[in-house]
Amino acid sequence: QVQLVESGGGLVQAGGSLRLSCAASERTSGPYVMGWFRQAPGKEREFVAAINWSGGVTDYADSVKRRFTISRDNAKNTVYLQMNSLKPEDTAVYYCAARLFSRITRDGNDYAYWGQGTQVTVSS
(Lines give C-alpha, C1' and ligand atoms only; values in the text may rest on other atoms or scores of the structure.)
Protein backbone atom coordinates (compact mmCIF):
# COMPACT_ATOMS: atom_id res chain seq x y z
CA GLN A 1 0.00 0.00 0.00
CA VAL A 2 1.44 3.34 -1.06
CA GLN A 3 0.45 6.42 0.89
CA LEU A 4 0.83 9.83 -0.69
CA VAL A 5 0.99 13.13 1.16
CA GLU A 6 0.78 16.46 -0.65
CA SER A 7 2.06 19.77 0.66
CA GLY A 8 2.80 23.25 -0.59
CA GLY A 9 -0.65 24.57 -1.34
CA GLY A 10 -1.83 27.98 -0.23
CA LEU A 11 -3.10 31.38 -1.26
CA VAL A 12 -1.27 33.32 -3.94
CA GLN A 13 -2.01 36.32 -6.14
CA ALA A 14 -2.52 35.94 -9.86
CA GLY A 15 0.84 35.80 -11.61
CA GLY A 16 2.51 34.23 -8.61
CA SER A 17 4.08 30.82 -8.12
CA LEU A 18 3.73 27.81 -5.87
CA ARG A 19 5.51 24.47 -5.68
CA LEU A 20 3.56 21.42 -4.63
CA SER A 21 5.25 18.32 -3.26
CA CYS A 22 3.98 14.78 -2.96
CA ALA A 23 5.85 12.32 -0.77
CA ALA A 24 5.28 8.58 -1.06
CA SER A 25 5.38 6.51 2.09
CA GLU A 26 7.49 3.79 0.56
CA ARG A 27 9.41 3.01 -2.50
CA THR A 28 7.68 0.61 -4.84
CA SER A 29 9.53 -1.90 -6.93
CA GLY A 30 9.41 -1.39 -10.63
CA PRO A 31 8.52 1.69 -12.67
CA TYR A 32 5.48 3.72 -11.81
CA VAL A 33 3.89 6.88 -13.06
CA MET A 34 3.08 9.87 -10.87
CA GLY A 35 0.36 12.30 -11.78
CA TRP A 36 -1.25 15.51 -10.57
CA PHE A 37 -4.96 16.13 -10.85
CA ARG A 38 -7.17 18.94 -9.62
CA GLN A 39 -10.78 19.54 -8.78
CA ALA A 40 -12.41 22.92 -8.56
CA PRO A 41 -15.71 23.47 -6.71
CA GLY A 42 -18.63 22.23 -8.75
CA LYS A 43 -16.38 20.75 -11.42
CA GLU A 44 -15.12 17.30 -12.24
CA ARG A 45 -11.61 16.20 -11.44
CA GLU A 46 -9.22 16.96 -14.28
CA PHE A 47 -5.77 15.85 -15.31
CA VAL A 48 -2.95 18.34 -14.81
CA ALA A 49 0.37 16.59 -15.44
CA ALA A 50 2.11 13.24 -15.24
CA ILE A 51 5.67 11.92 -15.28
CA ASN A 52 7.13 8.51 -15.89
CA TRP A 53 9.57 6.66 -13.67
CA SER A 54 12.77 8.06 -15.14
CA GLY A 55 11.39 11.55 -15.51
CA GLY A 56 12.18 11.48 -19.18
CA VAL A 57 8.55 11.51 -20.31
CA THR A 58 6.02 14.07 -19.15
CA ASP A 59 2.53 15.08 -20.19
CA TYR A 60 0.58 18.24 -19.45
CA ALA A 61 -2.95 19.43 -19.87
CA ASP A 62 -3.15 22.21 -22.47
CA SER A 63 -4.36 24.64 -19.83
CA VAL A 64 -1.11 24.40 -17.85
CA LYS A 65 1.50 23.85 -20.57
CA ARG A 66 4.45 26.24 -20.37
CA ARG A 67 3.30 27.37 -16.91
CA PHE A 68 3.57 24.19 -14.82
CA THR A 69 6.49 21.76 -14.57
CA ILE A 70 6.33 18.27 -13.09
CA SER A 71 9.48 16.61 -11.80
CA ARG A 72 10.45 13.80 -9.46
CA ASP A 73 13.24 12.73 -7.15
CA ASN A 74 13.08 8.96 -6.85
CA ALA A 75 15.75 8.92 -4.14
CA LYS A 76 13.34 10.93 -2.00
CA ASN A 77 10.17 9.20 -3.27
CA THR A 78 8.84 12.66 -4.06
CA VAL A 79 7.19 14.30 -7.04
CA TYR A 80 6.87 18.06 -7.50
CA LEU A 81 4.63 20.42 -9.40
CA GLN A 82 6.11 23.86 -10.00
CA MET A 83 3.31 26.25 -10.87
CA ASN A 84 4.16 29.63 -12.37
CA SER A 85 2.04 32.44 -13.78
CA LEU A 86 -0.90 31.23 -11.74
CA LYS A 87 -4.39 32.30 -12.76
CA PRO A 88 -7.62 32.44 -10.74
CA GLU A 89 -8.91 29.52 -12.82
CA ASP A 90 -6.11 27.38 -11.36
CA THR A 91 -7.89 27.51 -8.01
CA ALA A 92 -8.68 23.93 -6.97
CA VAL A 93 -7.76 21.10 -4.66
CA TYR A 94 -4.70 19.44 -6.15
CA TYR A 95 -4.19 15.71 -5.77
CA CYS A 96 -1.19 13.56 -6.56
CA ALA A 97 -1.68 9.99 -7.66
CA ALA A 98 0.44 6.93 -8.39
CA ARG A 99 0.02 4.38 -11.15
CA LEU A 100 1.96 1.14 -10.80
CA PHE A 101 2.57 0.78 -14.51
CA SER A 102 5.04 2.43 -16.81
CA ARG A 103 2.72 4.10 -19.31
CA ILE A 104 1.49 7.62 -18.68
CA THR A 105 -2.25 8.14 -18.90
CA ARG A 106 -4.57 11.08 -18.26
CA ASP A 107 -7.40 8.96 -16.90
CA GLY A 108 -7.68 9.17 -13.14
CA ASN A 109 -9.26 5.72 -13.08
CA ASP A 110 -5.87 4.29 -14.09
CA TYR A 111 -4.25 5.55 -10.87
CA ALA A 112 -4.55 3.26 -7.84
CA TYR A 113 -3.22 5.51 -5.09
CA TRP A 114 -4.23 9.05 -4.19
CA GLY A 115 -3.21 11.68 -1.70
CA GLN A 116 -5.61 13.68 0.43
CA GLY A 117 -5.23 16.83 -1.63
CA THR A 118 -3.90 20.32 -1.01
CA GLN A 119 -5.82 23.54 -1.62
CA VAL A 120 -4.48 26.08 -4.07
CA THR A 121 -6.26 29.43 -4.19
CA VAL A 122 -5.30 32.13 -6.69
CA SER A 123 -6.73 35.58 -6.08
CA SER A 124 -7.29 38.09 -8.85
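Along the sequence shown, residues are numbered consecutively beginning with 1.
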> Just wondering, are more than 12 heavy atoms of other shown residues or ligands nearer than 6.0 Å to CD in Gln3?
Replying inline: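 For Gln3, atom CD is not crowded (no more than 12 foreign heavy atoms under 6.0 Å).
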Set of residues satisfying side chain to side chain donor-acceptor pair (under 3.5 Å) with respect to [X], sequence neighbours excluded:
X      : result
Lys43  : none
Thr121 : Gln119
Arg106 : Asp59

[X] [atom1] to [Y] [atom2] distance, which is reported to the nearest 0.5 Å:
X     : Y     : atom1 : atom2 : answer
Tyr94 : Leu20 : OH    : CG    : 7.5 Å
Arg72 : Cys96 : CZ    : SG    : 11.0 Å
Met34 : Thr58 : CE    : OG1   : 14.5 Å

> Just by distance, do the side chain of Tyr32 and the backbone of Asn52 share a donor-acceptor pair under 3.5 Å?
Replying inline: no
> Would you say the side-chain atoms of Thr91 pair up with the backbone N or O of Val122, donor to acceptor, closer than 3.5 Å?
Replying inline: yes
> Does one side chain, of Ser17 or Asn84, offer a donor that lies under 3.5 Å from an acceptor on the other?
Replying inline: yes
>> Between Arg99 and Tyr111, does the side-chain hydrogen bond (donor to acceptor under 3.5 Å, both in side chains) criterion hold? Intermediate values first, please.
In response: CA-CA 4 Å; Arg99 179 172 191 265; Tyr111 292 75; 6.0 Å; no
>> So that I know where these two stand, are Tyr95 and Phe37 an aromatic pair - ring centroids less than 6.0 Å apart?
In response: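 No, too far apart.
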> Strictly under 6.0 Å, is that where the ring centroids of Trp36 and Phe68 end up?
Replying inline: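 Centroid distance Trp36-Phe68: not below 6.0 Å, so no.
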